[in-house]
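Okay, structure first, notes after.
These numbers come from the heavy atoms of this one structure, side chains and all, not from hydrogens, waters or symmetry mates. Each chain gets a letter, A, B and so on, in the order its sequence line appears, and its residues count up from 1.
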There are 2 protein chains.
Amino acid sequence: MEVYKNQKKQFYVENYSIAHLFSFHVEMEVHEYGRDEWIIQEGMRPHYLFYVLEGKAKIYVTHQNGKVSLINFINENEYIGEMELLNDVYYTKGIQATTKTICFAIPYHRYRNQLLDDNKFLRELTKFLSLKATFMAAKYSQSLAFPLENRLADFILQTADEGLYKEKHVTVCDYLGVSYRHLLHVLTQFCEKQFLQKEGRNYRIIQPQSLHELAGALRNG
Amino acid sequence: MEVYKNQKKQFYVENYSIAHLFSFHVEMEVHEYGRDEWIIQEGMRPHYLFYVLEGKAKIYVTHQNGKVSLINFINENEYIGEMELLNDVYYTKGIQATTKTICFAIPYHRYRNQLLDDNKFLRELTKFLSLKATFMAAKYSQSLAFPLENRLADFILQTADEGLYKEKHVTVCDYLGVSYRHLLHVLTQFCEKQFLQKEGRNYRIIQPQSLHELAGALRNG
DNA sequence: TAATGAATATGAGATATCTCATATTTTCGA
DNA sequence: TCGAAAATATGAGATATCTCATATTCATTA
């Protein structure tokens, strides 16, 4: 982890300003986390509210039976640590940078009360949280109502880059909550059905409409 | 649905005041919904923000494949319709009263802007939403990481009334996302293992500690 | 009170998904 | 550059869960 100083810091403060999210001046730090580095350790309360400027991260939770769930991805322009800002009692999930990640870090001890009094900030945060809650509810009900086939089709379409799917299997297992073996099994089926075609370690989408059909089943009414 | 008037209305306005949740005066209606009545219809935008005073309700969503998910229960002192207040685009879930339910109903058209400008209100709402998001995330990851056995044990302990479990099977299936057949199967296992004992259509808990062990596996850390 | 629909119940076979064992390939630090 | 760790790959058997078929009991209402 690196805390930017001087010109480096200045660059982000000037070019990525999020002053419009607050109605008062907030003096923030700029942190950089390397790929795979932990921004917040599971079970440990963070000291900052983060706002992601560049990069992406993953939210992990470890269960007692040893299984690990990748609860969600965090992208640019999203908050990290907002749960701890709001709730005194909260089991902190682990947040790991997927790529190099640069974020603003707002120290709780200094700004907590001011933030909670700031209408502008709260309004944005409320929207963010409502979307988060909705998203989790959707994922939850989908995970129970549909087999991997549908959820994987959706995930492939969402993460593919120019028609090429190249996610790490292990990450996907944690995210979709299935075993490595089963994921490979369904991927093989997709290839047999000619929805995908292997290209080295990646998979090329050759029948997007079939995947769209499978993924479409997840959508409501 | 009945809209209370005069003394009936007065009674709730005076005895269940939620004035402390706002920093301005809100003129609200008092609605009563009968058991099994729909407070909000799936797919239809509501016109009110509700606050439950008495009774409880269920949030349902219907999937394209016909499966129905009971996303969550709503209890006294919780909001209904807050998602629609915050987000212009939102797929509205169905809300059904489980028992007779009485709630305050705050008309959007009149108060929407004022509510979103009210710091007191937003702060509470933010907390409510953060808990909701956290809860859904927990349920989601648990549903993927644990078999029904553990989740059902937890559910039984949470809903049992004086050691007697008497939920409707169909409701539980929708909530835990499993088939009727499988739910019965696991319940039978619990009886065979002497965790539960059937009493008519209900089940008496006779080995709470065994259930607590199963349920405890869901907890973090 | 009869009739109808909801809720409970149970069996049997199918399928989705898991666990474990093991092999190969790739990546990356010492 | 070598070796360890990570990622990919595949087989085989086990188990969790689903679907469908069919009864029985209970509650509600015409």
ask   = Could you go step by step and tell me if B/Phe190 and B/Phe195 meet the ring-ring contact (aromatic ring centres under 6.0 Å, His included) rule?
value = CA-CA 5 Å; B/Phe190 281 179; B/Phe195 297 172; 5.7 Å; yes

Under-4.0 Å salt bridge between B/Arg204 and B/Glu199 = yes

query = Is it true that the NZ or CZ of B/Lys139 lies under 6.0 Å from the centre of B/Tyr175's six-membered ring and within 45 degrees of the ring axis?
reply = yes

note = Whether each nucleotide of nucleotides 7-25 of chain D has a protein heavy atom under 4.0 Å at its base (B), only at its sugar-phosphate (S) or at neither (-) is summarised, 5' to 3', as SBBBBB---SBBB------

key: Atom-pair distance (CG on B/Asp36; P on D/dA27), nearest Å   = 15 Å

query = Can we say A/Glu27 and A/Arg110 salt-bridge, meaning some charged N sits less than 4.0 Å from an Asp/Glu carboxylate O?
reply = no

message = I'd like to know if A/Asp88 pairs up with A/Arg45 as an ion pair, taking the criterion as any Lys NZ or Arg NE/NH1/NH2 lying under 4.0 Å from an Asp or Glu carboxylate oxygen.
response = no

